[in-house]
Number of protein chains: 2
Amino acid sequence: MEKPKPLWQAICDTLRAEIARGHWRTGSRLPTEAELAQRFDVNRHTVRRAMAALAEAGLVQSRRGAGVFVRAPARLPYHIGKRTRFHQNLLTSGRAPSRRILHAAIARATEAEAEALALPPAAPVHTVEGVSLADVQPISLFRSVFCATRFPQLGAALAAGQSVTAALKALGVRDYTRKSTRISGHIADVLQARHLDIAPGDMLLLSEAINVDTDGHPLEFGQTHFVAARVDLVLDGADFGPVVA
Amino acid sequence: MEKPKPLWQAICDTLRAEIARGHWRTGSRLPTEAELAQRFDVNRHTVRRAMAALAEAGLVQSRRGAGVFVRAPARLPYHIGKRTRFHQNLLTSGRAPSRRILHAAIARATEAEAEALALPPAAPVHTVEGVSLADVQPISLFRSVFCATRFPQLGAALAAGQSVTAALKALGVRDYTRKSTRISGHIADVLQARHLDIAPGDMLLLSEAINVDTDGHPLEFGQTHFVAARVDLVLDGADFGPVVA
DNA sequence: GTAGATTTGTCCGTATGTATA
DNA sequence: ATATACATACGGACAAATCTA
């Protein structure tokens, strides 16, 4: 971060994260502006600036003389289209993206993975698993698989914490696009719940995606379990091609 | 039906429906080919032909000497793209589409509906609610909203059980495309569970879509609650426009 | 561990209806 | 009309893998 974030924006992010985390329920009243000012040790006007941003985003609604009320359990709109990039996606929503790598290794492709990447069965593949976060809140668990024969050096770049886009770029992949996406609903097991800071049994949205290079060859097969309570998957019309066929 | 369906295909459909309905659990063994041949009163080879189709679809897996095993709880791939049509969608998956209208009326648009259709607040709208079925199995609950001022006659056509596409066609709408889709995860309440033949608390995938005419004007705002255990939402690459930008 | 029964996989063949050239 | 090709459906025999007693 080169530019320091304005104070009101930091407060806004903090409150948004707390609302998203369910710290305050939908419909409940937030602490008064005076109380929040004291908590963050800022002037009441700075709190008001943060509140204005939250109200603009439709997250809260203020009623004069009554207080500020939580409107909806803040769901992050995650855009899926021809070019779906995690970092860019969150930045346009004004959230801070980050990833925590849990595991990276070379393994034999499972049946599904080999088919998705158009590889022979049990071909060697890089596998990367981790947690995606927005403003320090877990958003999703991902598992990405790449052909190890084609990208021998990929493991190091990914384990070093680089984004997928950056790691691929370093290996000469200038661009990649999404070929297909499949979305299904599932239930979090104990392990997933631990990593995502939710309760076992909570809802997950599983997005299974195949990314291809400019030649149409499969590059990456990614499985991402989103916390359903925290994200909406949005398919933009612009990404569906021209409206008039 | 003009052309009679081949025997093996009918058997395939029957078994698929039974698997989808949960008649046989995931991982369990199906009756032997000999038993099925006796049940359907056909030759064993005909059963094998049906099995081959199920295996092709990834629904079952056979192990020589052991039997045929259910691979996955048959999820219907529901394709979402520029032109998403319920009937066509199911037909390409070899399932029989049908709808049951629960309620159709003219009402005032809610805030969200008015915004989606670009109408003034509380404008009059047709609302249609119902259940979508595949092979007599409930797939989703839908609620569609149309501008009542633009389509005064739409209510009758829809209540008569016509498809959305057919009803709009009768009113001069030659084509419509999907502008945007938002997918989120929810939990079924008691009422939804009753209509969808599931248990309260089961997972639902909510798809909120805006369809526009060829001029880009919003036509329909549709909210569809899919039974997560019965459908996958599939976004095809071809519908995202050309791969090479 | 072995033998035998069970079950799927593969090969042979025959007959029939349908679409195509 | 005729010939050809193809998908459907049936019947049988045996091999290979698996399960069970």
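In the text below, chain A, chain B and the rest are named by the order of the sequence lines, each starting its count at 1. Being a predicted model, the structure only gives us computed values, none of them experimental.
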**Prompt:** Does the distance from a Lys or Arg side-chain N to an Asp or Glu carboxylate O, for Arg39(B) and Glu18(B), drop under 4.0 Å?
**Reply:** yes

**Contact interval (first through last nucleotide) of DNA chain D with protein chain B, 4.0 Å heavy-atom** = dT8(D) to dC19(D)

**Contacts of Arg44(B) that satisfy salt bridge (Lys or Arg N to Asp or Glu O under 4.0 Å) - sequence neighbours left out** = Glu33(B)

**Message:** Looking at Arg100(A) and Asp197(A), is any side-chain nitrogen of the basic one under 4.0 Å from a carboxylate oxygen of the acidic one?
**Reply:** no

Would you give me the side-chain donor-acceptor pairs under 3.5 Å for residues 121-129 of chain A, sequence neighbours excluded?
from	atom 1	to	atom 2	distance (Å)
His126(A)	NE2	Phe151(A)	O	2.8
Thr127(A)	OG1	Ala105(A)	O	3.4
Glu129(A)	OE2	Arg143(A)	NH1	2.5

**Prompt:** Residues two or more places apart in sequence or in another chain: which of them pass ring-ring contact (aromatic ring centres under 6.0 Å, His included) with Phe226(B)?
**Reply:** Tyr78(B)

**Prompt:** What do the steps show when you test Arg83(A) against Thr177(A) for side chain to side chain contact (heavy atoms under 4.5 Å, CB included), and what is the final call?
**Reply:** CA-CA 5 Å; Arg83(A) 278 189 183 67; Thr177(A) 55; 3.8 Å; yes

**Asked** Where do Leu171(B) and Gln153(B) come nearest, in terms of heavy atoms and distance?
**Response** CD2-CB, 3.9 Å

**Item:** His217(A): partners by side chain to side chain contact (heavy atoms under 4.5 Å, CB included), with sequence neighbours left out
**Value:** Arg150(A), Asp213(A), Asp215(A)

**Message:** Does the protein touch nucleotides 5-10 of chain C at the base, only the backbone, or not at all? Give it as B, S and - per nucleotide, heavy atoms under 4.0 Å.
**Reply:** --BBBB

**Asked** Rounded to the nearest Å, what distance is computed from the CG atom of residue Leu7(B) to the C1' atom of nucleotide dT16(C)?
**Response** 14 Å

